[in-house]
Amino acid sequence: MQNRIRELRKLKKMSQEDLAIACNVSRQTINAIENNKYDPSLVLAFQLARELEVSIEELFCYSPK
């Protein structure tokens, strides 16, 4: 699943650590999601969208492998 987390996080001038703390996960989790090595749970996806002030649809784009 492709995502725009890095792009949107940088627009808000947030570090991976800032976003991780806001979502109660590790910085490594944010890094893995940004690099498409890990798909977040539904709860975490909603938390990320809320913190980045976008909808889920704006944050993630499903592309079959």
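Here the side chain of Asn3 pairs a donor or acceptor atom with the backbone of Ile33 at under 3.5 angstrom.
A continuous path of Ile, Leu, Val, Met, Phe, Trp and Tyr side chains, each step under 4.5 Å between heavy atoms, connects Leu42 with Tyr38, placing both in one hydrophobic cluster. Residues Leu52 and Ile21 fall into different hydrophobic clusters, defined by Ile, Leu, Val, Met, Phe, Trp and Tyr side chains chained together at heavy-atom separations under 4.5 Å.
Applying the side chain to side chain donor-acceptor pair (under 3.5 Å) test to Asn35 and every residue at least two apart in sequence or in another chain returns Arg6, Asn31. For Glu7, the side chain to side chain donor-acceptor pair (under 3.5 Å) test picks out Arg4, with sequence neighbours left out. Scored by the salt bridge (Lys or Arg N to Asp or Glu O under 4.0 Å) test, Arg27 finds no partners at all (sequence neighbours excluded). Looking at residues two or more places apart in sequence or on another chain, you find a side-chain contact (heavy atoms from CB on, under 4.5 Å) between Ile56 and Ala45, Phe46, Ala49, Phe60.
Counting heavy atoms from C-beta on, the side chains of Asn36 and Met1 never come closer than 4.5 Å. Contact check for Leu48 versus Ile30: side-chain heavy atoms found under the 4.5 Å cut-off. Proximity of Leu19 to Ile5: side-chain heavy atoms (C-beta onward) are separated by under 4.5 Å at one or more points.
Taking both residues in full, the closest heavy atoms of Glu34 and Gln16 are given as OE1-NE2, 2.8 Å, listed atom of the first, atom of the second, then distance.
Applying the salt bridge (Lys or Arg N to Asp or Glu O under 4.0 Å) test to every pair with at least one member in residues 46-59, sequence neighbours left out, gives these pairs: Lys12-Glu53.
Atoms NZ and OG, from Lys10 and Ser15 in turn, are 11.5 Å apart once rounded to the nearest 0.5 Å.
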